[in-house]
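Below is one structure, written out as structure tokens; the observations come after it.
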Amino acid sequence: MPDIEHVVPDRDINPNRTADLRRIAGDLHNSEYLLIHTDGRHIDMGLFAEERMLSVARDTGADMVYSDYRETRTEGDGSVKRLDHPLIDCQRGALRDDFDFGHLILFRTSSFRAAVGEMAEEYEFGAMYDLRLRMKKIVHVNEFLYTVSETDLRKSGERQFDYVDPKNRAVQIEMEKICTEHLKRTGAYLAPEFKGLPPESRSDGNFPVTASVIIPVRNRARTVGDAVKSALGQVCGFGFNVLVVDNHSTDGTSEILDGIAASDSRLVHIIPERTDLGIGGCWNMAIHHPLCGKFAVQLDSDDMYASEDVLERVVEGFRLQDCAMLVGTYMITNFDLNPILPGIIDHREWTPENGHNNALRINGLGAPRAFCVPVLRKVGGFPDTCYGEDYAVGLRISREYRIGRIYDILYFCRRWEGNSDAALDIARINTNNLYKDRLRTWEMEARTALNLKHTEKSR
């Protein structure tokens, strides 16, 4: 009896189709394990690599095993460069359907067959996603066990919007359904029932202005003036201001802000006494500032609002949709505001009924983001990080409150060499992904506990 059988995708076998997974399960012999080559690329196995995966699987009792790998890249001069591609551990909150398991996945045959036997839906794109969500124990071997050739040479800033590409809509519908069913099986699914807003949010009289634009900034002399003028240029039927939290800039940003503030008192230039704040900490300073309005509306220091009525529309959206957080639509542009691919990012995958569940699968909620400040203060504000802080607070709010949407373009997201995510290396990408997976893990635990509490109350 062979210890491992191999499955290599070809024109007849696609592991992302449920029907093909059933076919694979039916064709298996009595092997103990199944090794799936996920994309059919040529793989150069390391010395005794299969034996290593098999050993770890047996030692740990894993249902599924994956490992780090290396990539070869052909340089412009024809030379071949070999690069390490480390992966991250798969935890409960690793619900992204694009989680990187590499190009080889080892399954315990009995676990594979049992999971496939449980699949009731027919999927054309998400069968492997459905499969791995059904695995009870997944083990990551953080060793480089094989080598493949690199094919996606785009920078990180060019890849990050793939999942909201309109041409992938059918894929996203399937993935959302798979994730939602998984949340139901594991007790983390939330019904579309939302709390009302706290009493203090019902009156503008509790705040100095109705809305505040919040701009955290550090060393953005080239762009911050455009951002601030975009905010100050809003035309509204209510009072508003612009709170810029200047995190000790050293490149002339502070002087630019002082110059604008000297001629327009609506700009509040805040320089923290602390020197250890991240973006989240800057936001927390702003939302607890005595001049902060009832609604806090995001604007990054290198971006701009798309029109002069953005604040008016955002505040109207809060009132019409009775929500605690509201997210708009943005256009990706170059520095000169000319549209570039992928163009409009509107997060059409969001629905009022299931958006708060699907938020656990996707990697962001969109922009511009706006918040009802009493709710934001009540849930504890932002984690003091420089990545994922907005996603963290969006997950937290969506656990209890309604999130509204505006699907018209409100915001220009300018891509340029100064973007913090323009060209991240694999170590930083892994760190960022691990953090968001951890946020999702914590949120799933909180939602599971909330459901158990509701169940106990109903008894």
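Since the model is a prediction, treat every value here as computed from it, not as a measurement.
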- Item | Check: L28 main-chain N/O paired with R113 side-chain donor or acceptor under 3.5 Å | yes
- Task: Please report the shortest heavy-atom distance between G394 and M325, naming the atom on each side.
- Result: CA-SD, 3.7 Å
- Message: So that I can tick it off, tell me whether R399 and E443 are bridged by a salt bridge, with the cut-off set at under 4.0 angstrom between side-chain N and carboxylate O.
- Response: yes
- Query: Quick one: does P272's side chain get under 4.5 Å of L277's, heavy atoms only?
  - Reply: yes
- Using the ring of each side chain (for Trp, its six-membered ring), is Y66 parallel, tilted or perpendicular to H140, with breaks at 30° and 60°? parallel
- Hey, are the side chains of V213 and L311 touching, using non-hydrogen atoms and a 4.5 Å cut-off? yes
- Query: So, do V297 and Y305 sit near enough that their side-chain heavy atoms are less than 4.5 Å apart?
  - Reply: yes
- Item | Derivation and outcome, salt bridge (Lys or Arg N to Asp or Glu O under 4.0 Å), residues D3 and R58 | CA-CA 11 Å; D3 292 324; R58 286 171 170 164; 3.3 Å; yes
- Query: When the aromatic ring centroids of F318 and F295 are compared, is their separation below 6.0 Å?
  - Reply: yes
- Message: Distance alone, cut at 3.5 Å: any donor-acceptor contact between the side chains of D100 and H85?
- Response: yes
- Task: Return the orientation label for the F382 and F371 ring planes: parallel under 30°, perpendicular over 60°, tilted otherwise.
- Result: perpendicular
- Query: Can you check whether Y387's main-chain N or O pairs, donor with acceptor, with T385's side chain at less than 3.5 Å?
  - Reply: yes
- Task: Mark yes or no for whether E5, through its side chain, and Y33, through its backbone, hold a donor-acceptor pair below 3.5 Å.
- Result: no
- Message: Donor-acceptor check, side chain of T223 to backbone of S301, threshold 3.5 angstrom: yes or no?
- Response: yes
- List the steps, then state whether side-chain hydrogen bond (donor to acceptor under 3.5 Å, both in side chains) holds for R447 with S398. CA-CA 11 Å; R447 293 182 181 200; S398 72; 2.9 Å; yes
- Task: Run the salt-bridge test on E174 and K177 with the 4.0 Å N-O cut-off and return the result as yes or no.
- Result: no
- Query: Is there a salt bridge (Lys or Arg N to Asp or Glu O under 4.0 Å) between E122 and R22 once you walk through the steps?
  - Reply: CA-CA 10 Å; E122 296 292 332; R22 290 199 182 97; 2.2 Å; yes
- Minimum heavy-atom distance between N451 and L190, given as atom pair plus value: OD1-CD2, 3.7 Å
- Query: Less than 4.5 Å apart, any side-chain heavy atom of T329 and any of I406?
  - Reply: no
- So, are D437 and R440 salt-bridged, with charged N and O less than 4.0 Å apart? yes
- So, D98 and R361, do they make that salt bridge, N to O below 4.0 Å? no
- Query: For atom CZ of F335, is the number of surrounding heavy atoms from other residues, nucleotides or ligands below 6.0 Å larger than 12?
  - Reply: yes
- Ionic contact status for K378 with E400, cut-off 4.0 Å: no
- Query: Is the number of heavy atoms from other residues, nucleotides or ligands within 6.0 Å of CZ (R185) greater than 12?
  - Reply: yes
- Heavy-atom closest contact (D12 atom, D20 atom, distance): O-OD2, 3.6 Å
- From R73 atom CZ to S79 atom OG, the distance as rounded to the nearest 0.5 Å: 11.0 Å
- Task: Give a yes or no on whether a salt bridge exists between K136 and D63, defined as a side-chain N under 4.0 angstrom from a carboxylate O.
- Result: no
- Does the side chain of Q298 come under 3.5 Å of the side chain of Y411 through a donor N or O and an acceptor N or O? yes
- Item | Check: F101 ring centroid to F99 ring centroid under 6.0 Å | yes
- Query: Can you check whether T186 reaches T448 side chain to side chain, under 4.5 Å on heavy atoms?
  - Reply: no
- Message: Pair E181, K184 - check salt bridge (Lys or Arg N to Asp or Glu O under 4.0 Å), show working.
- Response: CA-CA 5 Å; E181 291 304 313; K184 290 178 179 179; 3.7 Å; yes
- Examine distances only and state if a side-chain atom of N334 and a backbone atom of D336 form a donor-acceptor pair shorter than 3.5 Å. yes
- Stepwise side chain to side chain contact (heavy atoms under 4.5 Å, CB included) test for R428 and D425: CA-CA 6 Å; R428 174 50 59 182; D425 60 24; 3.4 Å; yes
- Message: Can you tell whether the side chains of R414 and D302 come within less than 4.0 Å, N to carboxylate O?
- Response: no
- Message: One pair to check against side-chain hydrogen bond (donor to acceptor under 3.5 Å, both in side chains): T441 and Q91. What are the steps and the verdict?
- Response: CA-CA 7 Å; T441 296; Q91 55 186 297; 2.9 Å; yes
- Message: When you compare the side chain of P339 with that of I332, does any pair of heavy atoms fall below 4.5 Å?
- Response: no
- Flag the pair H37 / H6 as yes when their ring centroid distance falls below 6.0 Å, and as no otherwise. yes
- Message: Looking at E124, is its backbone amide N or carbonyl O close enough to the side chain of T18 to form a donor-acceptor pair, meaning the two atoms are under 3.5 Å apart?
- Response: no
- What is the minimum heavy-atom distance between I426 and D84, and which atoms define it? CG2-O, 4.3 Å
- Can Y146 and D44 be said to form a side-chain hydrogen bond (donor to acceptor under 3.5 Å, both in side chains), step by step? CA-CA 6 Å; Y146 61 92; D44 181 16; over 6 Å; no
- Is the backbone N or O of E51 less than 3.5 Å from a side-chain atom of S55, with the two atoms forming a donor-acceptor pair by type? no
- Message: Keeping K137 on the side-chain end and T60 on the backbone end, is there a donor-acceptor pair under 3.5 Å?
- Response: yes
- Verify side chain to side chain contact (heavy atoms under 4.5 Å, CB included) between I43 and T147, making sure each step is shown before the conclusion. CA-CA 6 Å; I43 292 176; T147 301; over 6 Å; no
- Task: Indicate yes or no: at least one non-hydrogen side-chain atom of C90 is less than 4.5 angstrom from one of R132.
- Result: yes
- Task: Evaluate side-chain hydrogen bond (donor to acceptor under 3.5 Å, both in side chains) for T180 paired with N354, printing each intermediate quantity in order.
- Result: CA-CA 8 Å; T180 301; N354 201 49; 2.9 Å; yes
- Task: Verify, without hydrogens or angle tests, whether D300 (side chain) and D303 (backbone) share a donor-acceptor contact under 3.5 angstrom.
- Result: no
- Query: So R313 and D408, salt bridge (Lys or Arg N to Asp or Glu O under 4.0 Å) or not? Walk me through it.
  - Reply: CA-CA 10 Å; R313 298 188 65 184; D408 298 321; 2.5 Å; yes
- Message: Can you give me the closest heavy-atom contact between L95 and C179, atom names plus distance?
- Response: CD1-SG, 4.1 Å
- Task: Indicate the atoms forming the closest heavy-atom contact of W350 with L365, along with that distance.
- Result: CZ3-CD2, 4.0 Å
- Item | Side-chain (N247) to main-chain (V217) donor-acceptor, under 3.5 angstrom | no
- Message: Walk me through whether F112 and I36 qualify under side chain to side chain contact (heavy atoms under 4.5 Å, CB included).
- Response: CA-CA 11 Å; F112 177 86; I36 295 184; 4.0 Å; yes
- Message: Can you confirm whether R402 is buried at CZ, in the sense that more than 12 heavy atoms of other residues, nucleotides or ligands lie under 6.0 Å from that atom?
- Response: no
- Message: Is the distance from the ring center of F144 to that of Y69 below 6.0 Å?
- Response: no
- Walk me through it: do E75 and V80 pass the test side chain to side chain contact (heavy atoms under 4.5 Å, CB included)? CA-CA 6 Å; E75 303 293 313; V80 176; over 6 Å; no
- Query: If we only count heavy atoms from C-beta on, is the K81 to T74 side-chain gap below 4.5 Å?
  - Reply: no
